[in-house]
Amino acid sequence: QVQLEESGGGLVQAGGFLRLSCTASGRTSGTYAMGWFRQVPGKEREFVAAITRSGGSTDYTDSVKGRFTIYREDADNTVYLQMTSLKPEDTAVYYCAARNGGPIYTADVMYDYWGQGTQVTVSS
């Protein structure tokens, strides 16, 4: 079992940056592949980024490539999502997720554990 807690969300102007953190408790985060998803009211949850258990491979949705970076610090049991050049369309609740095993997937159903989410609002 692992518990996930996100932090770092907030209100930022377009063009600004935020860094989201996801801290795992219970089993170490190094056991899991990790992902970030986001959701806006009335829409399905959307894949944003993911990183393998080893940290050697990452994947991003096209709309954030070149702007967002996912990385992990297993010594701190934390996964980060560095977000730059933020746009109003990035506004959403961002969720951290973990899945047993190494491979990463873009489908939310493949993830076993979820955090409560953190709100990111980008003003124009």
Side-chain angles (χ1 to χ4, degrees):
Q1 291 287 338
V2 64
Q3 294 78 45
L4 304 174
E5 183 173 3
E6 304 95 336
S7 62
L11 173 64
V12 64
Q13 290 188 332
F17 64 91
L18 285 173
R19 188 180 73 166
L20 305 184
S21 301
C22 173
T23 300
S25 60
R27 299 183 64 182
T28 63
S29 65
T31 306
Y32 301 92
M34 304 293 293
W36 285 96
F37 291 77
R38 63 188 180 187
Q39 189 171 25
V40 298
K43 292 189 177 182
E44 293 186 353
R45 191 157 48 190
E46 174 191 26
F47 169 77
V48 177
I51 188 167
T52 55
R53 182 172 54 186
S54 69
S57 182
T58 58
D59 192 15
Y60 299 89
T61 191
D62 286 345
S63 64
V64 308
K65 285 180 180 177
R67 300 189 298 121
F68 291 11
T69 302
I70 185 172
Y71 62 99
R72 63 195 302 159
E73 297 287 351
D74 289 337
D76 298 326
N77 290 339
T78 301
V79 173
Y80 299 94
L81 185 68
Q82 180 76 35
M83 306 187 295
T84 63
S85 302
L86 282 161
K87 304 175 181 180
E89 51 263 44
D90 294 319
T91 296
V93 176
Y94 282 71
Y95 296 91
C96 173
R99 68 175 304 278
N100 289 295
I104 51 179
Y105 293 90
T106 62
D108 59 357
V109 295
M110 297 301 293
Y111 289 79
D112 303 296
Y113 306 102
W114 291 85
Q116 294 299 308
T118 184
Q119 176 71 47
V120 171
T121 303
V122 184
S123 63
S124 57

Between [atom1] of [X] and [atom2] of [Y], what distance do you get to the nearest 0.5 Å?
X      : Y      : atom1 : atom2 : result
Asp112 : Asn100 : CG    : CG    : 4.5 Å
Glu46  : Thr61  : CD    : OG1   : 5.0 Å
Arg38  : Leu81  : CZ    : CG    : 9.5 Å
Lys87  : Ser63  : NZ    : OG    : 7.5 Å

Is any side-chain heavy atom of [Y] closer than 4.5 Å to one of [X]?
X     : Y      : answer
Arg72 : Tyr80  : no
Tyr60 : Val48  : no
Leu18 : Val120 : yes

Could you walk me through whether Gln119 and Tyr94 pass the side chain to side chain contact (heavy atoms under 4.5 Å, CB included) check? CA-CA 6 Å; Gln119 176 71 47; Tyr94 282 71; over 6 Å; no
Pair Tyr32, Arg99: side-chain N/O donor-acceptor within cut-off below 3.5 Å: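 Short answer, no.
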Residues Thr23 and Glu5: side-chain donor-acceptor under 3.5 angstrom: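 No, Glu5 and Thr23 have no side-chain donor paired with an acceptor closer than 3.5 Å.
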Considering all heavy atoms of both residues, which atom of [X] and which atom of [Y] are nearest to each other, and what is their separation?
X      : Y      : result
Glu6   : Gly117 : OE1-N, 2.9 Å
Ser124 : Ala14  : CA-CB, 4.4 Å
Ser21  : Thr78  : CB-CG2, 4.2 Å
Ala92  : Val40  : CB-CG1, 3.6 Å
Ala98  : Met34  : CB-SD, 3.5 Å
Asp90  : Arg67  : OD2-NH1, 2.8 Å

What about the rings of Phe68 and Trp36, do their centers lie closer together than 6.0 Å?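 No.
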Is the distance between the ring centroids of Tyr105 and Tyr111 under 6.0 Å?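 When the ring centroids of Tyr105 and Tyr111 are compared, they turn out to be at least 6.0 Å apart.
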Quick one: does any side-chain atom of [X] pair with a main-chain N or O of [Y] as donor and acceptor, under 3.5 Å?
X      : Y      : value
Gln39  : Lys43  : yes
Thr118 : Gly9   : yes
Thr91  : Val122 : yes
Asp59  : Ala49  : no

Please check if the number of heavy atoms outside Gln116 that lie under 6.0 Å from its CD is greater than 12.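 For Gln116, atom CD is not crowded (no more than 12 foreign heavy atoms under 6.0 Å).
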Are there more than 12 heavy atoms of other residues, nucleotides or ligands under 6.0 Å from atom OH of Tyr71?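 More than 12 heavy atoms, drawn from other residues, nucleotides or ligands, come within 6.0 Å of this atom.
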Are Lys65 and Asp62 ion-paired here, with the side-chain N under 4.0 Å from a carboxylate O?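 The answer is yes: the pair qualifies as a salt bridge.
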Less than 4.0 Å between a side-chain N and a carboxylate O, is that true for Asp108 and Arg45?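 A salt bridge links Arg45 with Asp108.
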ILVMFWY network linking [X] to [Y], side-chain heavy atoms under 4.5 angstrom:
X      : Y      : result
Val109 : Tyr113 : no
Val93  : Ile70  : no
Ile51  : Leu20  : yes
Val79  : Trp114 : no

Criterion ring pair (Phe, Tyr, Trp, His ring centres under 6.0 Å) on Phe37 and Phe47, from CA distance to verdict: CA-CA 4 Å; Phe37 291 77; Phe47 169 77; 5.6 Å; yes
